[in-house]
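In what follows, a single structure is set out as C-alpha cells and then discussed.
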Amino acid sequence: MARVDVCTYIWTDLDTGVKTEVRHLHNMCFPDDADTDSSLDEFFDKLTFLMEKSECVWFLLWRSNGGITASESRQLLGMMGCSEYHDSMYSFTLCIHPSFRGRRLSRRIMLEAALHAHTNKGFVKLSGSVDRKQTRLLKFYLNMGGVIEQTGLCSPGTETSTVRISYTFDVLSVESERKELDMWIESEFSSHGRRRPIKILCSGVFVAGIAWGLSNARNFGLR
C-alpha cells in the first residue's frame, strides 16, 4: 500500500540524491525557470536567493512505493522551502508534482511547516511572496486562511507585481486538521488504483448507452 509522509530536512540532511530529486521536481513544476546546466549548489543558491542555505528548512512530501532500491521505494510529490523571517517562517518555494495536484498535498505540507514553526521557533505565522500573475497560487493561500499584508515596496498609488501573504494559525486547529488530512490522503492513495477500473467501466456503459440510444432513436420519434 502506498504511504505519503512529509519529512523535514535541514541543509546538511540533503544528500546528492535528494537534491537531485528536488531540482527535478522544481524543473517539472516551473518549466519556464528550468535549470539543468548549473551545479546542484548553484541551483540551490538561486532557489534560496537571499536566504542562507544553512538556515533553510525543507519539507519534502514523499510517496512510498514499496520498491527494493531507494529510488524505487519512494517518489517526491511535493516540497516547500522555508527560512526564519522576523516573526514567521517565510516560504520561498512551494510546489506539487503536476500529476498529483488536487489532492490537498500542498495544504498538508503547509500544516507540517506551521507545526515546525511553532515547535522550533514559537511562531504562529507563515509568510510568503506571490506574483500577482500566479492567480491559482494566490487563491490557494487566501483559501488557506492567508491575508495580503503588503504589496511590496513601491511609490504611493502604484502596485508591484508581487504581494506579501501571511497566514496566522491556531496550533490546536492545525494539529487536528493534520490528523484528519493524513487519514483522507491515506484513503485517497490507497483507493486510487481501485477506482480507475470503475471509471473505465462507467465510461464504457455510458458510451454503450449513447450508441444504443442513437440506434433506437428513430423508434422513439427522436430523429
Side-chain angles (χ1 to χ4, degrees), residues 6-15 18-36 38-62 76-98 100-101 105-154 160-169 174:
V6 180
C7 299
T8 304
Y9 298 77
I10 58 175
W11 176 247
T12 53
D13 292 332
L14 300 178
D15 59 30
V18 173
K19 290 178 182 177
T20 300
E21 293 201 48
V22 167
R23 176 160 71 173
H24 176 69
L25 178 62
H26 184 272
N27 289 345
M28 187 183 304
C29 294
F30 305 103
D32 292 340
D33 298 321
D35 180 357
T36 57
S38 59
S39 68
L40 286 174
D41 281 344
E42 290 171 337
F43 165 77
F44 277 91
D45 282 338
K46 288 185 285 187
L47 184 60
T48 55
F49 193 43
L50 299 176
M51 310 293 178
E52 287 289 338
K53 292 198 298 287
S54 60
E55 298 177 0
C56 294
V57 182
W58 299 87
F59 303 94
L60 305 184
L61 188 145
W62 298 96
L76 184 61
L77 302 187
M79 67 173 182
M80 182 177 183
C82 296
S83 183
E84 181 178 349
Y85 182 75
H86 294 308
D87 61 345
S88 70
M89 286 293 285
Y90 178 86
S91 170
F92 53 82
T93 186
L94 171 64
C95 59
I96 299 294
H97 191 296
F100 293 89
R101 290 172 183 169
L105 299 182
S106 52
R107 190 174 185 89
R108 176 62 182 85
I109 296 176
M110 285 193 66
L111 293 175
E112 194 70 26
L115 291 177
H116 176 89
H118 181 263
T119 301
N120 293 275
K121 300 293 183 179
F123 296 154
V124 290
K125 185 195 294 186
L126 300 178
S127 62
S129 297
V130 183
D131 192 310
R132 288 183 183 274
K133 297 179 181 178
Q134 299 291 332
T135 55
R136 180 177 178 180
L137 185 58
L138 184 58
K139 182 178 179 181
F140 163 76
Y141 283 125
L142 295 177
N143 288 341
M144 181 80 178
V147 296
I148 297 178
E149 269 193 351
Q150 62 184 50
T151 57
L153 299 176
C154 57
T160 61
S161 61
T162 304
V163 296
R164 175 68 57 81
I165 299 290
S166 70
Y167 164 57
T168 302
F169 56 87
V174 168

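Start at 1 with the first residue, then count along the sequence.
When atom types are taken as modelled, the side chain of Glu42 and the backbone of Ser39 share a donor-acceptor pair closer than 3.5 angstrom. Although no hydrogens or angles enter the test, the distance criterion places no donor-acceptor pair under 3.5 Å between the side chain of Arg164 and the main chain of Ser127. Between the side chain of Asn27 and the backbone N or O of His24 there is no donor-acceptor pair closer than 3.5 Å.
Nearest heavy atom pair, residue Val163 against residue Leu138, reads CG2-CD1, 3.8 Å. Looking at every heavy atom in both residues, Trp58 comes nearest to Thr93 through CZ3-CG2, 4.1 Å. In this structure, Ser129 and Tyr90 approach most closely via the heavy-atom pair OG-OH, 2.8 Å. Nearest heavy-atom pair, Asp87 versus Lys125, reported as atom, atom and distance to 0.1 Å: OD2-NZ, 3.4 Å. For Met144 against Leu111, the heavy-atom pair with the smallest separation is CE-CD2, 4.0 Å. For the residue pair Ala114 and Val174, the shortest heavy atom distance occurs at CB-CG1, 4.3 Å.
With a 4.5 Å cut-off on side-chain heavy atoms, Leu94 and Phe140 count as touching. Proximity of Cys29 to Ile96: side-chain heavy atoms (C-beta onward) are nowhere separated by under 4.5 Å. Counting only heavy atoms from C-beta outward, the side chains of Val18 and Trp62 approach each other to under 4.5 Å. Between Met80 and Met89, the closest side-chain pair of non-hydrogen atoms is not below 4.5 Å. Counting heavy atoms from C-beta on, the side chains of Trp11 and Glu52 never come closer than 4.5 Å. Considering only heavy atoms from C-beta on, Phe44 stays 4.5 Å or farther from Cys56 through its side chain.
The CD1 atom of Ile148 sits 6.5 Å away from the CZ atom of Arg132 when rounded to the nearest 0.5 Å. Atom OG of Ser106 and atom CG of Leu77 lie 12.0 Å apart (nearest 0.5 Å). Rounded to the nearest 0.5 Å, atoms CG (Leu76) and OG1 (Thr20) are 11.5 Å apart. With values rounded to the nearest 0.5 angstrom, Thr162 atom OG1 is found 10.0 Å from Gln134 atom CD. Separation of atoms OG (Ser91) and CD1 (Ile165) is listed at 11.5 Å; rounding is to 0.5 Å. The CG atom of Leu105 sits 8.5 Å away from the CZ atom of Phe100 when rounded to the nearest 0.5 Å.
Screening Met79, Glu112, Met110 for a side-chain contact (heavy atoms from CB on, under 4.5 Å) involving Val6 leaves a single residue, Glu112. For the side-chain hydrogen bond (donor to acceptor under 3.5 Å, both in side chains) criterion with Lys53, the lone passing option out of Asp41, Thr48, Asp45 is Asp45.
Side-chain polar atoms of Ser88 and Tyr167 form no donor-acceptor pair below 3.5 angstrom.
Remark: Lys46 engages Asp35 in a salt bridge (Lys or Arg N to Asp or Glu O under 4.0 Å) (not counting sequence neighbours). By the salt bridge (Lys or Arg N to Asp or Glu O under 4.0 Å) test, Lys121 pairs with Glu84, sequence neighbours left out.
Counting only residues at least two apart or in different chains, ring pair (Phe, Tyr, Trp, His ring centres under 6.0 Å) contacts with residues 115-138 comprise Phe59-His116.
By the 30° and 60° cut-offs, the orientation of the rings of Phe30 relative to His26 is tilted.
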